[in-house]
Amino acid sequence: MLKIYNTLARDKQEFIPIIDKKVGMYVCGMTVYDYCHLGHARVMVVFDMIYRWFKISGYDITYVRNITDIDDKIIKRAAENGESIHALTQRFIDAMHQDADALGVLRPDHEPRATQFVPEMLDMIAKLEQHGLAYQAADGDVNYAVRKFDGYGKLSGKSLEDLRAGERVNVADSKHDPLDFVLWKSAKDSEAEEVKWASPWGKGRPGWHIECSAMGTKLLGERFDIHGGGADLQFPHHENEIAQSEGAHQHQYVNYWMHNGFINVDKEKMSKSLGNFFTIRDVLKKYDAEVVRFFILRAHYRSPLNYSDAHLDDAKGALTRLYTALKNAPPSSSVLLPGGEGSSLPSPFGGGAGGEGAAGEGIVDWNEPHAQRFQAAMDDDFNSAEAIAVLFEFANEVNRNPTLDNCAQFKALAGVLGLLQRDPVAFLQSGAPEDGLDDAVITAQITARIAAKQAKNYAEADNIRKALLAAGIVLEDSATGTTWRRA
RNA sequence: GGCGAGAUAGCAAAAUGGUUAUGCAGCGGAUUGCAAAUCCGUUCAUCCCAGUUCGAUUCUGGGUCUCGCCUCCA
């Protein structure tokens, strides 16, 4: 039985889909005016993990992650750069895809762009106006009348009175209530034609909140199963989405609301405004993408996750242990290590397939004890941290008993999380610095050391090993010869 | 000020009304020419104060501290 922590209920609940074995999931994606940072990486990786788990669990899931390609910041940035809105957003959409691909994040089934759904947004605003929930203010903006919607605050647990008490918003004169939010922004003369759409309320562009309501409804229906996003979107964004969608359709919008925790830096939320963010691409210059994915998945998705080099180093060391177990597998099992052809999923991290059939279902033996524990962990609100702990215990088993079955099962299980699908040696030897030794030099040094060892010249052999270690190369002698990896 | 989340060993991070989390680090042993890797064993913990209970880190109440939201934010 799959349980999900539902923010709306503030409790874990059994997941019951609207239509048996089908899932509609909408996740708030990026506003594309800059590169994605690690906080964005967490949303993508976390919901990718959830997406994969639904598939493996036999659900027919439709995953929508939107792209906000029209908003104040985009307009401002485009003007600064002297480029068109479209050119700017396309550039950062491409960059986002590169980053997501590197992290082994599968493409959602739909990635709707706000600018392609303006008619749907206008329809919804019209409905809200019919229900007396929207009004056009003196300045031309169409606003949502928050006080007219009874359930306002049910997701965030805030009451209008509480919000009033802590009022910090600049009161726009044109709003009936300071908490009303904009549905349609009236066009300004200074703005480019590119950001203006015709509407019954005059030229303008959509407010941010209506985008998600309209796209979610269009692609998943007036009512769907899961809506996710970062915890900071709970209020006001998701609260407003509920007000819009339920106001327009007069019935429940979403059954399960899921929110992932932040990435912190020195215990403070990583964010644009604080300026304490690291872009995915910058981090990937220093750390392997799979290490970053592992780092994110090793924590529970709702917990805060502190970012620092020390934490990434720790994650790297842990992932190295997992790959080392795979490396020590018998040669005969290496045939099935880089995954097979015909996978329905693109393979993360190049090389092997992420899994067979429904994302690994075909190769994991779910009756095997580790798999059972892994499944129980994942079914308990996607506890990937616990699932990874099972992986470590499995690694111990593989080290003690590296049979073909064990190795294949171990790798398949890790593949469920999009981990451990690369050739282990390739992983262990990856991450060469710019000025690092090339493989030929390393191999030559190893050969020289073997010769020294055979001549019982251990001082020389140790010197070679020390020199390589200083260059970040760790040698490991075994019965079958000497191998190396990068520290 | 209002609302919400959280405080677990040296670090990171799960879970649990009584029984080993897990990874790194430490300690002892096996293995190794010596290492590394691996294996075996092992030290170290549940913020404070009450209450419920045979028994609480886990439940309840209070306190302290931290973080988040209340403004765009993943």
Side-chain angles (χ1 to χ4, degrees), chain A residues 7 10 27-31 33 36-47 65 68 71-73 153 156-159 161-170 179 208 228-237 239 259-264 267-274 277 294-295 298-300 302-306 308 310-322 324-325 327-328 373 377 380 383-396 398-402 428 453 456-459 461-462 465-466 469 474-479 482-485 487:
Chain A
T7 307
R10 301 200 180 281
V27 172
C28 290
M30 265 48 80
T31 300
Y33 68 101
C36 292
H37 65 238
L38 236 33
H40 301 118
R42 191 173 191 189
V43 192
M44 293 196 282
V45 169
V46 158
F47 284 97
R65 188 184 63 210
T68 294
D71 108 310
D72 288 352
K73 284 174 181 164
S156 56
K158 297 175 192 299
S159 70
E161 286 64 36
D162 292 341
L163 288 164
R164 256 287 169 65
E167 189 59 65
R168 287 201 280 154
V169 194
N170 259 351
L179 293 163
W208 177 42
D232 48 357
L233 297 185
Q234 211 170 301
F235 188 91
H237 184 53
E239 196 68 64
H259 294 97
N260 66 275
F262 302 126
I263 298 238
N264 295 156
K267 305 222 166 176
E268 261 188 327
K269 177 187 170 188
M270 180 183 289
S271 71
K272 285 278 197 181
S273 41
L274 283 171
F277 63 92
F294 177 84
F295 166 71
R298 193 161 61 142
H300 186 92
R302 282 189 282 114
S303 300
L305 181 55
N306 225 28
S308 74
H311 293 142
L312 265 289
D313 288 338
D314 190 61
K316 182 187 175 185
L319 188 58
T320 296
R321 175 171 166 79
L322 257 24
T324 301
K327 188 197 82 169
N328 295 336
R373 288 171 55 210
D380 184 13
N383 193 339
S384 57
E386 178 74 27
I388 285 174
V390 172
L391 248 28
F392 278 102
E393 291 179 34
F394 208 155
N396 178 257
V398 167
N399 283 329
R400 278 181 302 170
N401 196 9
L428 294 167
K453 274 174 67 177
K456 305 260 186 229
N457 186 354
Y458 292 121
D462 288 353
R465 189 170 61 199
K466 264 186 219 163
L469 185 61
V474 181
L475 297 190
E476 294 173 356
D477 294 339
S478 77
T482 299
T483 56
W484 65 273
R485 65 183 164 87

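- Nucleotide A12(B) is matched to U22(B) when pairs are restricted to Watson-Crick or G-U wobble geometry with both distances under 3.5 angstrom.
- Residue-level contact check: His300(A) touches the backbone only, with heavy atoms under 4.0 Å from sugar-phosphate atoms and none from bases.
- Ring geometry for His237(A) against Trp208(A) counts as parallel: the plane angle stays under 30°, on a 0 to 90° scale with 60° as the upper cut.
- For the pair Lys267(A) NZ and G6(B) P, the interatomic distance rounds to 15 Å; values are reported in whole Å.
- One interatomic measurement links the two molecules: CG of Asp232(A) to P of A74(B), which rounds to 7 Å at whole-angstrom precision.
- Within 4.0 Å (heavy atoms only), Ala299(A) reaches sugar-phosphate atoms of the nucleic acid but no base atom.
- As rounded to whole Å, 18 Å separates atom P of A21(B) from atom CZ of Arg298(A).
- Note on Lys456(A): nothing from the nucleic acid sits closer than 4.0 angstrom, heavy atoms only.
- Atom CD1 in Ile388(A) sits 5.0 Å away from atom CZ in Phe294(A) (nearest 0.5 Å).
- Using a 4.0 Å heavy-atom cutoff across all strands shown, Met44(A) reaches no nucleic acid atom at all.
- Pairing for G1(B) goes to C70(B), judged as Watson-Crick or G-U wobble with the two contacts each under 3.5 Å.
- Residue Leu233(A) contributes atom CG, which lies 10 Å from atom P of C70(B) at whole-angstrom precision.
- Looking only at atom types and distance, the side chain of Lys327(A) has a donor-acceptor partner in the side chain of Thr483(A) under 3.5 Å away.
- Nucleic acid contact for Arg302(A): none, since no nucleic acid atom lies under 4.0 Å from a heavy atom of the residue.
- For A15(B), one of the phosphate oxygens OP1 or OP2 lies less than 4.0 angstrom from a side-chain nitrogen or oxygen of Asn383(A).
- Across all strands shown, U64(B) forms a Watson-Crick or G-U wobble pair with A7(B), both key distances being under 3.5 Å.
- Summarising the base pairing, C59(B) is matched to G51(B) through a Watson-Crick or G-U wobble pair whose two defining distances lie under 3.5 Å.
- Within the shown strands, A30(B) is the pairing partner of U38(B) under the Watson-Crick or G-U definition, both distances less than 3.5 Å.
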